[in-house]
Amino acid sequence: MKIFPSLISKEYEVRVYSPLHIGAGIVVNSYPDEDIKMLEEMAGKVRRHIIEMIYGAGSGHPGGSLSATDVLVALYFMEMNHKADDPKWEDRDRFVLSKGHAAPTLYACLAESGYFPVDELKTIRKIGSRLQGHPDMRKTPGVEASTGSEGQGLSMGIGMALAAKLDRKKYRTYVMLGDGENNCGQIWEAAMSASQFKIDNLVAIIDRNKLQLDGPTEKIMSLEPLGDKWKAFGWNVIEIEGHNFREILAAFKKAKETKGHPSVIIANTIKGKGVSFMEGAVGFHGKSPSKDEYEKAMKELGGD
Amino acid sequence: MKIFPSLISKEYEVRVYSPLHIGAGIVVNSYPDEDIKMLEEMAGKVRRHIIEMIYGAGSGHPGGSLSATDVLVALYFMEMNHKADDPKWEDRDRFVLSKGHAAPTLYACLAESGYFPVDELKTIRKIGSRLQGHPDMRKTPGVEASTGSEGQGLSMGIGMALAAKLDRKKYRTYVMLGDGENNCGQIWEAAMSASQFKIDNLVAIIDRNKLQLDGPTEKIMSLEPLGDKWKAFGWNVIEIEGHNFREILAAFKKAKETKGHPSVIIANTIKGKGVSFMEGAVGFHGKSPSKDEYEKAMKELGGD
Amino acid sequence: MKKWELKNQRDAFGEALVELGEQRSDIVVASADLSCSVKTGVFAEHFPERHFNFGIAEQNMISACAGFAAAGKTAFASTFAIFVTGRVYDQIRQSVAYPKLDVKIVATHAGITVGGDGATHQMIEDLALMRVLPNMTVIVPADAPETKRAVMAAAEFKGPVYIRLGRANIPVCTDIPECQDFEIGKASIMREGADITLVGTGIMVAKCLEAAEDLKKHKIDAKVINMSTIKPMDEKTLIKAARETGGMVTAEEHNVMVGMGSAVAMTLVENFHVPMKRVGIRDSFGESGTSDELMEKYGLTVDHIVDAAHDVMKRRGR
Amino acid sequence: MKKWELKNQRDAFGEALVELGEQRSDIVVASADLSCSVKTGVFAEHFPERHFNFGIAEQNMISACAGFAAAGKTAFASTFAIFVTGRVYDQIRQSVAYPKLDVKIVATHAGITVGGDGATHQMIEDLALMRVLPNMTVIVPADAPETKRAVMAAAEFKGPVYIRLGRANIPVCTDIPECQDFEIGKASIMREGADITLVGTGIMVAKCLEAAEDLKKHKIDAKVINMSTIKPMDEKTLIKAARETGGMVTAEEHNVMVGMGSAVAMTLVENFHVPMKRVGIRDSFGESGTSDELMEKYGLTVDHIVDAAHDVMKRRGR
Ligand SMILES: Cc1ncc(C[n+]2csc(CCOP(=O)(O)OP(=O)(O)O)c2C)c(N)n1
Ligand SMILES: Cc1ncc(C[n+]2csc(CCOP(=O)(O)OP(=O)(O)O)c2C)c(N)n1
Ligand SMILES: [Mg+2]
Ligand SMILES: [Mg+2]
C-alpha cells in the first residue's frame, strides 16, 4: 500500500554515508515539497495518537514512540508494500518493531493505514484489547512479530528475510531497533549472521535517540563509534537525520540498491520528538503525561 | 610464580599491531634464546600431557587444547603472578579459560606449576576426579572460574577486574576465548562494557585457530575483520603469532602499558598445533585419538 | 475486611541495599538499564563506585557478578523478573549456581500484577526456573517489611539466592511477631486453624489471610502459612499442617504447572498425602490490564482461594 | 535380563529430518555449530539450501526460527539440550511460545548420560523449563524408533514443540504394538500390572520394564507406563492407573525437584492421591564419569526403581 503513490518515482536529494559503497556519499534526488508535507502531516497525526493512547492508558513509552514516528510513517505510508485489507498478503514487506515498547507508534500507523478502526487505539493496554502493551502478532492485525523483550527482533527479521529468499519472493524485511537495544548481545549475533548469510533483503533501522532507560547511551553504555561497529560486522551503514523524510526515503533507496550485504540505517533522532518538554528528557522514556502535560503536548502537536 | 624468573627483566623484540596506540607497531626487546627454549620445552611437555589425558579419558578436545598451549604456558610460567602453594593468594593474577573445553591445557599448566600432582592428570573426566571435563573452580585448585558453556568467561573476567580496581589491587585478569566463541552475543555485551568501564587491567586473548566445531570460522560464521570489530568496541587490539613466545610476551607487555582501555590479543594459532594430523583438522576438535594416533602423536611431540 | 496498609517491596529493597552498603564494603550492586525502576538507583546514589550499570545486557551482568563473587564480593544483580531469569538462565546456572558463588539475584516486577506492559513483561515461570536449579535458594517475601528482612538475610547467607518481588504497592501483612525473625527455609504460620491449611507466597499471603476470614463465616477454621522460602521448602511445617488439618490449598501469582504449589504437592505425596488444590495461573500467558482485573481474570482473588478451600473440604466429604 | 538392542536417538532424528525434507519443502533446519553431533548435518547434506548454521549463537538461532515460522516455514532448531533451553529460554518464550509459532526444538545430549563433559554439559532441568512455558508441548521419546515417530508427529502438529533426546545408544523398547501409533499427549502402557504403576520417560522406560521383571520375582505385579509426552500430560491414563494399582513410582533422568515426577504428583494430589515415590536426580548437578557410573551414583538404576517400588508398597502396608 502506498498512501501517497505520487511520490514513488520522484527524485530526491540527500546526503547518505555508506562505508561499504565505493562512491557513496551523495544521492541526488528530489521529492515535491507538497508530498513530503503529506508525510509530515501524517506524522503529526501519529504523534497525537501516541500521546492520546499513552495518556488514556496511564502508562506506556512516549519518548521512544515519538522518536520512531517519522521512520515508521515513511515505512507504512511510502516505502513498504502492504495491504490493510489483506494483512497476510504473501508478498507484503515485513516490519518488525524490535523495540516493542514503541507499540503506540506502530498501532497508530496500522490504524491510519486501515488495519483496524482508529477508534480502537484508545483500547491500548486495556484488558481484553487487541492492542497489548507490547506488540502481539496473534492479537493485532498487521503486527508481524511479538516483541517487548529487547534484542530479538533482528533475529526474527533474519528468519523472514531468509524465508523470502527460499521462496524466491521479492518482499523486504525492515527491523527497527532502539539504540540502547544495541547493548544486547543477541543483536550482534544477528548482525554477524545476517552478513554471513548475505541477507540483502533486510534493513535494520536504529532509532538513534541517544537515550536509553537510565540515561544517555554514551553515559550508560557507550555505543560510539556505532557505525564502525556495524561496518566491522559486515553491514552497509547509512547514517541519516531520522526526522527528515527526504533522508529517510533516500536511505531506504540506498539500502535497496545494496546487494550482497544487509543494510543498517542509523537514524539520528530526538527522543520525545515533537513535544518540547519530552524532547531529550529521560524521564519520559516510560511515563505517561499528567493531565496538564497531556494538554500541552497535544497543543504543541497541533491537536485541538 | 615465575618459573623462569631470569626472563623477567630481559628485552625482547616483536612486531605488535595495536590500532589504539599512536606509534604502535614495533616493540623492541629481546629474550635470551635459551630462556625461550625453556618455555618451548614446557609447551612440549604440556602438549604431551594433553594427548595422554584425552587418550586416557577416551574423550575430550585435542584441537583447541593444543592451539591454546603456548599462550597458557607463557601465562603460567612467565607472565602471571601466582603461587601454587597458595592458590587463593589475594594478589594473584587471574586466568579464566572461557573456552572451557581446553581444560586439559589448563590442568597440565596447573599440575606442572605444582597446584596438584602431575600424576593426577590421568584422572581427568573420570568419576570422582577433581579434574572435570570442563573447568570447575570448586573442585580444582588453581582454577579461577567454572566454564564450559561458551561466551561467559569474559564477563566473569570483567567482574574480577572491576573488583581489583575497587580493592586497589594490582592483579591483572586474563581471559582466553575461542575464535568461534566470538559468535556468542555475550562476548560483545562484555566487550562493550569493558570499554565503558575502562577496564585496563583486563586482557582477552583470542585463540584464533580459524576453526570452530562445524568447520572453518570463515565458512560457518565469518569473523573477519575481527580486529576491526574489537577496535570498534573500544578495545586496544594486538595481533600476534600465537605459537611464538616472543610475540606472546611482547603482547602481554603492550597490554600492560595500555591505560584506559581493555586489551585484546588476537593470537593466530593452528588448531591441533604440534601433531601433524591434528593440525587444521576439524575432526579433532572433540575426538580422542585412536591407539595408533596416540602413539604417533606422542612421538611427534617428543614423547617416548 | 481488614484495611491493609500498602507498601512497596522495591522501596524496601532499595532501603536494605543502602543499609548493607553502609555495613559492608564488600557489597556491590549491578543493574541493567532499569536502576530507577528496581531501586538499585538508590544504592547508586550512595555508593556510585560500587554500582555498575551493565545496560541492556543482562547476561553480561550475571556472569560479571559471578566474577565479582569469585573475587570476594557479595554481588546483588537486579532487574525485572522477566529479564533476570529466563534471559540469563544459562548464566545463572553455569556462572553462579554451579560454582555456588555469592550472587543475589533480586527480581522485581514479577507476575501479572505488572499490568499494562502485558504478557511479554509478566514473568510467571521464574519460580520453576529457579527451583529446578541445584544450589539455588528461592525467596518470595510476602510484603515490603519482609522484603527488607529477606534481603538482609540473603546478604548474610553464603551462596546464590533468588528473591522475587512485585511492582505494585501491596498489603503489609507480616507485622506480626511470628514474622519478625526471618529465617531462610522457615515458613511462618500467620494464623492457626484446624480444618484446612492455606499456603500462600508473596502477594497471595495477604489474600490467604482474607480468605481465612471469609471461611470463618462458613465455620471453616483455616490455618495460613506464609511460604516465604520456596526452596529449600519447609517440609516439616507443611507435613505437620497436613496432618493437623487434613487438606491444603496453595496460592501463588505464578503458573501452577510448576510453582510453589507443585513443590507442596510433591512434599505431600511423598510424605503425608492429603487432598489439595492449587490456586494460580493455569498455564497461560498474561495480558495487558490493571492488576486487579488481571488477578480476577487469571484466578488469583480471595474468592478463588475460598472456592478452592470449599472444594478440598468437599473432596474430604465435609 | 532381556538383551536389548541398542540404537541412537540422534540417528533416528537425522533420518526423520531427511524424510521430512523430502516430503515437505517448507521444512527448514537450524544448527548452532553442532550440526554433526546433533545430526542436522544429515539434513544439510541433502538440503543444503534449507539448512542454516548460526554458529555458536543459540539465541539468534531460536528467534530466527521464529521469523522462519512467521513467514510460513516449519523450523527445526537443534543443538545440545544445555544450549537450546536455558541459554535461550527468553527467546523461546517471547519469540516462539507466546506467539505459538511453528518451531520444533530438538535437544540432544540431555541428562547425565552425556558423561565425560561433566556438569556444565549435563542438562537435568530442561523439562521444568519447557513444562512451565505456556503453549509448549514437551516430548521425551523412550528410544530411537519412538524418536522418529515423535519427530514426524511434531512436524505434523501446529505450534511449538520441545523434544528431548540423549547422546548414548539406548535400548529399543517401543517395538511393541502399543507404541506404533505415536500420538502427542498419549501415554502408552508397556506392561499391564495390578499392584503398582511404574511411570518412566526417555531412557528410564526400559529400566522400568526391567524393574517390573525384577518385582515379579517378589510377587509384585507392576504396570509400566511410557510417559513420552510430558506436556500435555495424559492425566486420564495416570489417574486410571492410580485407581487400579494404588501406588506409583516415577523415573526420569532429570532433577526430580521439577520434572515429570512432579507433574505426576500434581495430577495425583488433585485427583486421586496414592502414595508415590520419584526416582531421579535429587537436586544436584552431575559430574564427569561414564554413563553407567553416573546412573549408579545419581540413583537412576533398575535397583533404584525396584527399591522405590518396595518403599511405596510398604507405605501402603503391603
Ligand atoms: C531484554 C530487555 N531488558 C530490559 C528491558 C526494559 N527496557 C524497556 S525499554 C528500555 C530502554 C530501551 O532503550 P532504547 O533501546 O534506546 O529505546 P528507546 O530509546 O528508543 O525508547 C529498557 C531497558 C527490555 N524491554 N528488554
Ligand atoms: C554456548 C555453547 N554452545 C555450544 C557449545 C559446544 N561447543 C563446544 S566447543 C565448540 C566450538 C568452539 O569453537 P572455538 O571457540 O573456536 O574453540 P576452539 O577452536 O579453540 O576449540 C562448540 C560449539 C558450547 N560449549 N557452548
Ligand atoms: Mg534510545
Ligand atoms: Mg577455534
Side-chain angles (χ1 to χ4, degrees), chain B residues 53-54 56-61 99-101 103 123-140 145-152 177-189 211-223 282-283 285-288, chain D residues 30-41 44-45 48 51-63 78-88 90-91 109 112 114-123 167-168 284-298:
Chain B
M53 275 185 268
I54 295 174
S59 67
H61 300 80
K99 44 170 273 189
H101 57 279
T123 68
I124 188 176
R125 288 177 169 253
K126 303 255 161 75
I127 196 149
S129 171
R130 295 198 290 179
L131 308 181
Q132 294 293 299
H134 291 81
D136 180 334
M137 64 181 286
R138 289 291 173 210
K139 291 210 170 99
T140 316
S146 296
T147 52
S149 182
E150 290 214 295
Q152 304 184 23
L177 307 172
D179 49 0
E181 195 178 3
N182 281 258
N183 298 170
C184 299
Q186 191 179 348
I187 295 290
W188 301 103
E189 293 185 353
L211 290 177
Q212 53 195 108
L213 198 145
D214 270 340
T217 58
E218 300 315 288
K219 212 183 126 207
I220 303 298
M221 189 53 63
S222 166
L223 295 169
V282 100
H285 167 83
K287 204 183 69 178
S288 142
Chain D
S31 305
D33 202 25
L34 281 162
S35 65
C36 309
S37 313
V38 306
K39 306 297 175 194
T40 48
E45 272 167 36
H51 174 258
F52 300 89
N53 197 330
F54 287 87
I56 313 171
E58 292 84 2
Q59 304 191 328
N60 185 39
M61 171 175 75
I62 295 295
S63 300
S78 181
T79 189
F80 288 4
I82 191 81
F83 305 125
V84 81
T85 54
R87 184 79 171 207
V88 293
D90 194 49
Q91 285 71 24
H109 295 67
I112 54 172
V114 155
D117 278 341
T120 56
H121 283 57
Q122 294 166 350
M123 184 29 116
R167 182 190 67 87
S284 78
F285 289 111
E287 66 179 286
S288 292
T290 67
S291 286
D292 285 346
E293 288 164 348
L294 294 169
M295 293 296 271
E296 177 68 46
K297 180 161 177 179
Y298 289 88

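Chain naming here is simple, since letters A, B, ... match the order of the sequence lines and numbering starts at 1 in each. Hydrogens, waters and symmetry mates play no part in the numbers below; they use all other heavy atoms, side chains included.
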Legend entry - Validation row: D/Leu34, B/Leu213 side chains within 4.5 angstrom (heavy atoms): yes
Inset, instruction - Sort out for me which of B/Gly180, B/Gly60, B/Gly185 touches chain D most, counting heavy-atom pairs under 4.5 Å. - result: B/Gly180
Inset, instruction - Using a cut-off of under 4.5 Å on heavy-atom pairs, state which of D/Gly41, D/Gly116, D/Gly55, D/Ser31 scores highest against chain B. - result: D/Gly116
Legend entry - Note, B/Ile127 side chain near D/Glu287 side chain (heavy atom, < 4.5 Å): yes
Legend entry - Nearest-0.5 Å distance that lies between atom CG in D/Asp33 and atom NE2 in B/His285: 7.5 Å
Legend entry - Segment of B/His61 engaging chain D (4.5 angstrom heavy-atom cut-off): side chain
Legend entry - Gap between atom CG of D/Asn53 and atom CD of B/Gln212 - 0.5 Å precision: 7.0 Å
Legend entry - Separation of D/Glu58 CD from B/Glu150 CD (nearest 0.5 Å): 9.0 Å
Inset, instruction - State, with a plain yes or no, whether a side-chain heavy atom of B/Ser149 is found less than 4.5 Å away from one of D/Thr120. - result: no
Legend entry - Non-hydrogen side-chain atoms of D/Asp117 and B/Gln132 separated by less than 4.5 Å: no
Inset, instruction - Go through the atoms of D/Gln59 and report whether side chain, backbone, both or neither lie under 4.5 Å from a heavy atom of chain B. - result: neither
Inset, instruction - Heavy atoms only, distances under 4.5 angstrom: which of B/Thr147, B/Asn183, B/Asp214, B/Thr217 has the most pairs with chain D? Name it, please. - result: B/Asp214
Inset, instruction - Could you have a look at D/Ser35, D/Cys36, D/Ala32 and say which one has the most heavy-atom pairs with chain B under 4.5 angstrom? - result: D/Ser35
Inset, instruction - Output the distance between atom CD1 (B/Ile124) and atom OG (D/Ser288), rounded to the nearest 0.5 Å. - result: 8.0 Å
